[in-house]
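Have a look at the structure below, then the notes.
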There are 2 protein chains.
Amino acid sequence: MRTFVAAADTGRFQEAADALSITQQAVSKRVAALERDLGVRLFTRTARGARLTIDGQAFLPHARELLRAEERAAASVRPGRRALRVDVIGRRLAPADLVRAFHRAHPEIELDVVTLFDADAAFAAVRSGTIDASFRAVTLPARELPDGIAALRVYDEPLQLVTGPRHVFAGARSVRPGELAGHRIWMPGLVAGTEWATFYDDLAAAFGLTIEATGPHFGTEPLLDTVADSATVATFVGEGTRLVWPAGQDLRRIPVHDPTPVYPHSLLWRADNPHPALGALRAHLGSARREVGTWTPQWAR
Amino acid sequence: MRTFVAAADTGRFQEAADALSITQQAVSKRVAALERDLGVRLFTRTARGARLTIDGQAFLPHARELLRAEERAAASVRPGRRALRVDVIGRRLAPADLVRAFHRAHPEIELDVVTLFDADAAFAAVRSGTIDASFRAVTLPARELPDGIAALRVYDEPLQLVTGPRHVFAGARSVRPGELAGHRIWMPGLVAGTEWATFYDDLAAAFGLTIEATGPHFGTEPLLDTVADSATVATFVGEGTRLVWPAGQDLRRIPVHDPTPVYPHSLLWRADNPHPALGALRAHLGSARREVGTWTPQWAR
DNA sequence: CTAGAGGTACAACACCTGGTTGTGACCGCC
DNA sequence: GGCGGTCACAACCAGGTGTTGTACCTCTAG
């Protein structure tokens, strides 16, 4: 591709060869191989050089785009890179939408979005500079944050109850946390010690709920299948969670109010990170409004 | 790249190897080579397979984009291709803007824009199916078009006079074609027999102008340099022409009216071309309004 | 604790891709 | 008609890239 573009730009194989520090014959071979692979002629060879054919003209912008894509790909892992690298906790959850909104507001800022395994990995990556910012729930009071790590509460996400059509709350406009005592809430996949598990542990303790985290987690779809078919099992999701709604399944998302349990998403970054786009991200996110009538775990207050 | 994406998708080198019909060792080598070139680790190797590192996660979408770009590039020259291939007569001239506008209106339609050498090449390419449509001025009456070639007048582009600050018309709000008789109009690069040359020949004959097409054509910039410095030499450009205005040059673009000479751009296509996007292009362009008070050559009436 | 299964990396080797050098054919121009 | 400039072809060679065989690691089951 590089050879093709060079030859198209200069119009002479010898010049392209000089630019690439190879011989004219090598350029000729490369172009011939590309033409063979594509099955079309890209140049018409004349005594005054090589001119693009129609196919070659159509191909050229795509070839340039390919080189740009290659450059961007390499830049995405270059140590002195420009793209802002952000960790979100699951691509279908609310923070991913926050990042998407930021990208729409600032399309000129290059973003790389990754998803780290757990909060420890995220802390370590932020501290080491491998990533620039991380969306996490900070389970420690601010004064106990590691040195040099800053955090800002950016979004309090209300919880919703997901039930099937035969569930007792299936028709409710909303439900109070206290009313859920004694009902089966199933949340497979919660790993003890993680921020999510901590959140739901505290939620269960605060309102006398029984949250079952037992059983292997086979993904969201089997969970929803179970919930849809059961009259007694329900589960929680964040308001901003994008569920893959299986066709024909009659699931209900029921707001939880009085009080509204909210999951406290924070943005973490290294205080001395000089990345210019980091300021833009923080400015765009602002800080979460603490709504009245909401509940958060003790550690988030 | 393909190997990296396959390994990232499957999470196991052996599975990626099966998908690519190579051995696991080859996958290992390819990934190792990519990591060496990039200077970062892309996978953490575990006993249960390979998991992406943070760098790997950031790199993955770029790698996918690269593969998509490669696919698009190959598709652009595939015989049974999908992209609509359109010939415009110069990238800075009005038809290129028409195509850009069409692309904005229908961003989902893939376009390849090429520029053919002359009208004969364009005719031949349309007839052979190498390109799908061509913007040209048709110098033949419609009934003499080759069999199977259709044409539609899509845009009448008014001409403008370009002068330097010391030219006698430099301060005019507009100028009549007849007033230009006896003044030097310089249009280097007109090749006898081409559509442009025919147009300007007819224009000169109709209003008694003297248009000098002599001298080699070194590009637009030297032409504008000459015009800017001269008190007597002017040139014509189409209203939609994008001029590269050299900084500090005081050039004037003066509309020509009473009558307004307009250059008749037509769209040519093969009547039996089944490309679905071709209809969309014709619908978007519509047909040119024949304004009163305009002048076109005899062959365009 | 050990053995085995399942995963990746390393080593040795064969092949063929892709470079170089040398040369020929073609074209336009003086 | 020679000459300069262009690209293509042939021969050759090195090294990149595949294969096979094997070592090594880690997790798990007994």
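Rounded to whole Å, the distance from CZ on A:R41 to C1' on D:dA8 is 10 Å. The nearest whole Å value for the distance from the CD atom in A:Q14 to the C1' atom in D:dA8 is 14 Å. Rounded to whole Å, the distance from CZ on B:R12 to P on D:dT26 is 18 Å. Nucleotide D:dT26 holds its P atom 15 Å from the CZ atom of B:R51, rounded to whole Å.
Taking the six-membered ring where tryptophan is involved, the planes of A:H265 and A:W196 are perpendicular, since the angle between them exceeds 60° and thus also 30°.
Checked by atom type and distance alone, the side chain of B:E212 never pairs as donor or acceptor with a backbone atom of B:W186 at under 3.5 Å. Between the side chain of A:R51 and the backbone N or O of A:T44 there is no donor-acceptor pair closer than 3.5 Å. A donor-acceptor contact shorter than 3.5 Å is absent between the side chain of B:Q24 and the backbone of B:F13.
Within 6.0 Å of CZ on A:R68 lie more than 12 heavy atoms contributed by other residues, nucleotides or ligands. Atom CZ of A:R91 is surrounded by more than 12 heavy atoms from other residues, nucleotides or ligands within 6.0 Å.
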task: Step by step, work out the salt bridge (charged side-chain N to carboxylate O under 4.0 Å, His left out) result for A:D9 and A:R64.
output: CA-CA 11 Å; A:D9 283 342; A:R64 287 194 207 277; 2.9 Å; yes
> Can you check side chain to side chain contact (heavy atoms under 4.5 Å, CB included) on B:D18 and B:Q14, steps first, answer last?
Replying inline: CA-CA 6 Å; B:D18 293 343; B:Q14 181 60 61; 3.0 Å; yes
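Taking a heavy-atom distance under 4.0 Å as the criterion, the stretch of DNA chain C touched by chain A extends 5' to 3' from C:dG19 to C:dG28.
Comparing A:R48 and B:T46 against DNA chain D, the residue whose closest nucleotide sits nearer the 5' end is A:R48.
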Protein-nucleic acid N or O pairs under 3.5 Å, nucleotides 15-21 of chain D:
residue, atom, partner, partner atom, Å
D:dG18, OP1, B:R30, NE, 2.8
D:dG18, OP1, B:R30, NH2, 2.5
D:dG18, N7, B:K29, NZ, 3.2
D:dG18, O6, B:K29, NZ, 2.7
D:dT19, OP2, B:T23, N, 3.0
D:dT19, OP2, B:T23, OG1, 2.7
D:dG21, O6, B:Q25, NE2, 2.6

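A:A50 comes within 4.0 angstrom of sugar-phosphate atoms only, judged by non-hydrogen atoms across all strands, and of no base.
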